[in-house]
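Dropping the structure in here first, questions after.
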Amino acid sequence: MSVTPQRLQITAANPDPALLDLPWHVPLEDWPAETLAALPRGISRHIVRFAKMSGRVVAIKEIGETVAYREYELLRQLRKLDVPSVEPVGVITGRRSPEGEPLEAVLITQHLQFSLPYRALFSQSLRPDTATRLIDALAVLLVRLHLAGFYWGDVSLSNTLFRRDAETFAAYLVDAETGDLHDVLTPGQRGYDLEVARVNIIGELMDLQAGEFLDEDEDAVGIGEALVVRYEELWRALTETESFGFGERWRVQARIDRLNDLGFDVGELDITTDLDGTSVRIQPKVVDAGHHSRRLMRLTGLDVQENQARRLLNDLDEFRAATDRQADDEAFVAHDWVTDIFEPAVRSVPRELRGKLEPAQIYHELLDHRWYLSQQQHRDVPMTEVATSYVATILPTRPDEQAVLGTRAEDLRDGDAAGPAADDDLDPERLIG
């Protein structure tokens, strides 16, 4: 039997020749194991596989050609807007089986390292408020998307990936096929997205309860409602107009400081006064997330999540005070902190264990572990001792979140792939060791 040649069409901003080495003539669900990377998958309406390519991992989704091109372009636009989302690699069409049967187009995205779908997180022994922390992260992501003019259309935990961010999580959009980008969203569009999110999340949490991944006593409806409350609180803080007397101009800086505390920078502020100059109205016009991460990047070159940056900046401030260098240039102090404190602590982790967590998350946990050890031993425990204890008693039990083995949440829960409980959700007594 003759083999029908393929006429692949590859659309990619930076095409990788290794794309040609993947078995595009085979339906995605039948791809050979040696091509695939064993990573936990979330629930998807399409067939999705993770493949190894050029020393990295890509996610491949079979989807209709028109939808694939549309989602590819939407993801590219979201990346330009600096919204947390997966990075698009390309679209491949023209696939055919050896028998000449047409195969669906595929959308290829870069796998987001150290991220997990929500079901994989719940498969680990996480503490009861994990659902709340995921909801908080999703609320922040939804607000950022709406500020950028992106209407999601299918907000859910399933369409989101989560990365650890100090004691919280950071959320990333992973599925944009139902989305649309506008200059500004109407209240109706935002409200519909929020209602879809609420309904989907309640259903997903009830599904987790049915599978015994979430305690049946947890209020799934209440958690879904909490997303709405958290979203509306954050939206008001970032967008509402504030009025005050002309003699209270200090409130302009107070509003900026409040937004900075929430992790946002004010790119543009609209300030107006009334005709007689007795009152002032202010409204943020442009806000950009990442206040602390940008400051840490500027000082140290470290590119980390927002709450990780907040924690590292606090440690940098403590280092500055402990070394009596408040009068020194902040950039010089930051350089010494990275060289003498941060990097030696992270390098103390054996190479074979460095895939467990991102370096900034490891350092965050080292700080937590130092606190527990110091409380237990009633002394300031040096970081060298902290690192030794952490590597010996805590880190080996952690799942490898750079590339968690196993593809099903059940596998992770059973310990075949991910091992025992996760870090920030461990009992404090275990952290003390």
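Being a predicted model, the structure only gives us computed values, none of them experimental.
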task: Sequence neighbours left out, what pairs pass salt bridge (Lys or Arg N to Asp or Glu O under 4.0 Å) with at least one residue falling in residues 22-32?
output: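 Counting only pairs at least two positions apart or across chains, no salt bridge (Lys or Arg N to Asp or Glu O under 4.0 Å) contact touches residues 22-32.
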task: Tell me, with the steps shown, if Gln253 and Asp257 meet side-chain hydrogen bond (donor to acceptor under 3.5 Å, both in side chains).
output: CA-CA 6 Å; Gln253 186 59 48; Asp257 291 343; 2.8 Å; yes
message: Ignoring hydrogens, what is the shortest heavy-atom contact between Asp193 and Gly153? Give both atom names and the distance.
response: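 Of all heavy-atom pairs spanning Asp193 and Gly153, the closest is OD1-N, 2.7 Å.
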task: Quickly, which of Leu107, Val48, Val106 forms a side chain to side chain contact (heavy atoms under 4.5 Å, CB included) with Glu62? Name it, please.
output: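 Option passing the side chain to side chain contact (heavy atoms under 4.5 Å, CB included) with Glu62: Val106.
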message: Please tell me whether Asp315 and Trp337 have a donor and an acceptor in their side chains that are separated by less than 3.5 angstrom.
response: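 Yes - a donor-acceptor pair under 3.5 Å links their side chains.
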- request: Please test Arg370 against Asp380 for salt bridge (Lys or Arg N to Asp or Glu O under 4.0 Å), starting from the C-alpha separation and ending with a verdict.
  value: CA-CA 8 Å; Arg370 182 174 66 181; Asp380 290 331; over 6 Å; no
- prompt: Going through the distances and angles, do Leu78 and Leu145 end up as a side-chain contact (heavy atoms from CB on, under 4.5 Å)?
  reply: CA-CA 9 Å; Leu78 289 177; Leu145 288 167; 4.1 Å; yes
field: Glu177 and Lys61 ion-paired at < 4.0 Å
entry: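 Looking at Lys61 together with Glu177, the answer is yes, because their closest N to O distance falls below 4.0 Å.
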query: Hey, is the main chain of Leu157 close enough, under 3.5 Å, to the side chain of Glu204 for a donor-acceptor pair?
result: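 Looks like yes, one N/O pair under 3.5 Å.
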- prompt: Heavy atoms, side chains only, cut-off 4.5 Å: are Glu71 and Asp175 in contact?
  reply: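 Yes, at least one pair of side-chain atoms sits under 4.5 Å.
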task: Step by step, work out the side-chain contact (heavy atoms from CB on, under 4.5 Å) result for Leu269 and Gln283.
output: CA-CA 6 Å; Leu269 192 66; Gln283 180 180 25; 6.0 Å; no
query: Pairs in or reaching into residues 260-271: which pass salt bridge (Lys or Arg N to Asp or Glu O under 4.0 Å), with residues at least two apart or in two chains?
result: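 For residues 260-271, and leaving out neighbouring residues, the salt bridge (Lys or Arg N to Asp or Glu O under 4.0 Å) pairs sorted by first residue read Asp265-Arg294, Glu268-Lys285.
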- prompt: For the residue pair Ala171 and Pro84, what are the closest heavy atoms and their distance?
  reply: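 Smallest heavy-atom distance, with atoms named: O-CB, 3.5 Å.
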query: How close do Gly222 and Asp219 get, heavy atom to heavy atom, and via which atoms?
result: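 Closest approach of Gly222 to Asp219: N-OD1, 3.0 Å.
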query: When Leu312 is tested against each of Thr300, Ile341, Leu296 for side chain to side chain contact (heavy atoms under 4.5 Å, CB included), which residue passes?
result: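 Looking at Thr300, Ile341, Leu296, the match for Leu312 under the side chain to side chain contact (heavy atoms under 4.5 Å, CB included) is Leu296.
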- prompt: Are Val280 and Thr272 close enough that some pair of their side-chain heavy atoms sits under 4.5 Å apart?
  reply: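 No. Closest side-chain heavy atoms not under 4.5 Å.
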- prompt: Do the side chain of Trp31 and the main chain of Pro23 share a donor and acceptor less than 3.5 angstrom apart?
  reply: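 Yes.
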- request: Keeping the roles fixed (side chain from Glu218, backbone from Asp215), state whether a donor-acceptor pair exists under 3.5 Å.
  value: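 Here the side-chain-to-backbone pair does not exist.
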field: Partner of Tyr69 under side chain to side chain contact (heavy atoms under 4.5 Å, CB included), chosen from Leu74, Ile63, Thr93
entry: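 Filter result, single survivor: Thr93.
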- request: Report yes if some heavy atom in the side chain of Leu194 is under 4.5 Å from a heavy atom in the side chain of Leu142; otherwise report no.
  value: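 In contact.
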field: Minimum heavy-atom distance Pro344-Val338, with the two atoms named
entry: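 So the two residues come closest at CD-O, 4.0 Å.
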- request: Keeping the roles fixed (side chain from Arg295, backbone from Gly290), state whether a donor-acceptor pair exists under 3.5 Å.
  value: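 Pair absent, no side-chain N/O of Arg295 close to backbone of Gly290.
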- request: Establish, from distance only, whether the side-chain atoms of Tyr231 and His146 form a donor-acceptor pair under 3.5 Å.
  value: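 Side-chain D/A pair, Tyr231 to His146: present.
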- prompt: Does Asn159 reach the main-chain N or O of Val174 with its side chain, forming a donor-acceptor pair under 3.5 Å?
  reply: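 Checked: no pair found.
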task: Answer with yes or no whether the side chains of Ser54 and Asp16 bring together a donor and an acceptor at under 3.5 Å.
output: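 Side chains of Asp16 and Ser54: pair found under 3.5 Å.
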task: Quick one: list whatever passes salt bridge (Lys or Arg N to Asp or Glu O under 4.0 Å) with Glu104, sequence neighbours left out.
output: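 Partners of Glu104 under the salt bridge (Lys or Arg N to Asp or Glu O under 4.0 Å) test: none.
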query: Can Arg70 and Asp180 be counted as an ion pair, charged N to O under 4.0 angstrom?
result: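 Here Arg70 pairs with Asp180 in a salt bridge, since their nearest N and O are under 4.0 Å apart.
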message: Just so I know, are the side chains of Gln110 and Val86 near enough to count as touching, which here means a heavy-atom distance under 4.5 Å?
response: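 Gln110 vs Val86: side chains apart.
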task: Assess whether side-chain contact (heavy atoms from CB on, under 4.5 Å) is satisfied between Phe169 and Asp136, documenting all intermediate values.
output: CA-CA 8 Å; Phe169 290 100; Asp136 284 346; over 6 Å; no
- prompt: What pairs meet the side-chain hydrogen bond (donor to acceptor under 3.5 Å, both in side chains) rule with one or both residues in residues 81-90, with sequence neighbours excluded?
  reply: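 Passing the test, one end in residues 81-90: no pairs.
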message: Give me the atom names and distance for the closest heavy-atom approach of Leu185 to His182.
response: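 It is CD2-CD2, 3.6 Å.
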message: Strictly below 4.0 Å, N to O, side chains only: are Glu242 and Arg281 in salt-bridge contact?
response: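 Arg281 and Glu242: not salt-bridged.
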Minimum side-chain heavy-atom gap Phe342-Leu316 below 4.5 Å: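 Of all side-chain heavy-atom pairs linking Leu316 with Phe342, none is under 4.5 Å.
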- prompt: Do you know which of Gln308, Arg311, Arg164 makes side-chain hydrogen bond (donor to acceptor under 3.5 Å, both in side chains) with Gln361?
  reply: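 Looking at Gln308, Arg311, Arg164, the match for Gln361 under the side-chain hydrogen bond (donor to acceptor under 3.5 Å, both in side chains) is Gln308.
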message: Could you check whether Glu306 and His292, counting side-chain N and O atoms only, form a donor-acceptor pair closer than 3.5 Å?
response: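 Indeed, the side chains of His292 and Glu306 share at least one donor-acceptor pair under 3.5 Å.
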field: Stepwise side-chain contact (heavy atoms from CB on, under 4.5 Å) check, Val386 with Glu365
entry: CA-CA 10 Å; Val386 172; Glu365 296 193 4; over 6 Å; no
field: Contacts of type salt bridge (Lys or Arg N to Asp or Glu O under 4.0 Å), residue Glu233, not counting sequence neighbours
entry: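 Checked Glu233 against salt bridge (Lys or Arg N to Asp or Glu O under 4.0 Å); zero matches.
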message: Please determine whether a side-chain nitrogen of the Lys or Arg among Arg190 and Glu232 lies less than 4.0 Å from a carboxylate oxygen of the Asp or Glu.
response: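 Between Glu232 and Arg190 there is no salt bridge, as every charged N stays at least 4.0 Å from the carboxylate O atoms.
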message: Atom CG of residue position Asp317 - does it have more than 12 heavy atoms of other residues, nucleotides or ligands inside 6.0 Å?
response: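 Count over threshold, so yes.
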field: Within-4.5 Å side-chain heavy-atom neighbours: Ser97 and Pro27
entry: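 No - every pair of side-chain heavy atoms lies 4.5 Å or more apart.
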message: Has Arg320 got a side-chain atom pairing as donor or acceptor with Ala334's backbone, closer than 3.5 angstrom?
response: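 Between the backbone of Ala334 and the side chain of Arg320 there is no qualifying donor-acceptor contact (under 3.5 Å).
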task: Look only at the side chain of Glu248 and the backbone of Gly245, and say whether a donor-acceptor pair between them is shorter than 3.5 Å.
output: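 Between the backbone of Gly245 and the side chain of Glu248 there is a qualifying donor-acceptor contact (under 3.5 Å).
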message: Would the distance check show the side chain of Ser374 and the main-chain N or O of Trp371 forming a donor-acceptor pair, the cut-off being under 3.5 Å?
response: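 Not a single qualifying donor-acceptor pair exists.
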query: Can a donor-acceptor pair be found between the side chains of Gln305 and Ser293 at a distance below 3.5 Å?
result: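 Ser293 and Gln305 do not have a side-chain donor-acceptor pair below 3.5 Å.
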- prompt: Is there a side-chain contact between Tyr390 and Ile362, using heavy atoms and a 4.5 Å cut-off?
  reply: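 In short, these two side chains touch, coming nearer than 4.5 Å.
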query: Is it true that Glu225 and Arg198 have a side-chain N and a carboxylate O under 4.0 angstrom from each other?
result: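 Salt bridge present between Glu225 and Arg198.
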- prompt: Is a side-chain N or O of Trp24 found less than 3.5 angstrom from the main chain of Leu19, in a donor-acceptor match?
  reply: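 Yes: the side chain of Trp24 pairs with the backbone of Leu19.
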Heavy-atom check, side chain of Leu181 versus side chain of Tyr151, under 4.5 Å: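 Leu181 vs Tyr151: side chains apart.
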- request: May I ask you to decide if Glu167's main-chain N or O and Arg133's side chain share a donor-acceptor pair within less than 3.5 Å?
  value: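 Indeed, once roles are kept as given, a pair shorter than 3.5 Å links the two residues.
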field: salt bridge (Lys or Arg N to Asp or Glu O under 4.0 Å) against Asp154, all qualifying residues, sequence neighbours excluded
entry: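 Scan of Asp154 (salt bridge (Lys or Arg N to Asp or Glu O under 4.0 Å), adjacent residues dropped) gives Arg45.
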- prompt: Can you name the closest pair of heavy atoms from Ala176 and Phe150 and give their distance?
  reply: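 Nearest heavy atoms, Ala176 then Phe150: CB-CZ, 4.1 Å.
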- prompt: Taking everything shown except Tyr192 itself, do over 12 heavy atoms lie less than 6.0 Å from its OH?
  reply: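 It does not: Tyr192 OH has 12 such atoms or fewer within range.
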- request: Indicate whether any N or O donor in one side chain lies under 3.5 Å from an N or O acceptor in the other, for Glu318 and Asn314.
  value: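 Result is no, nothing qualifies.
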Ring centers of Tyr118, Phe162 separated by less than 6.0 Å: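 So the answer is no for these two rings.
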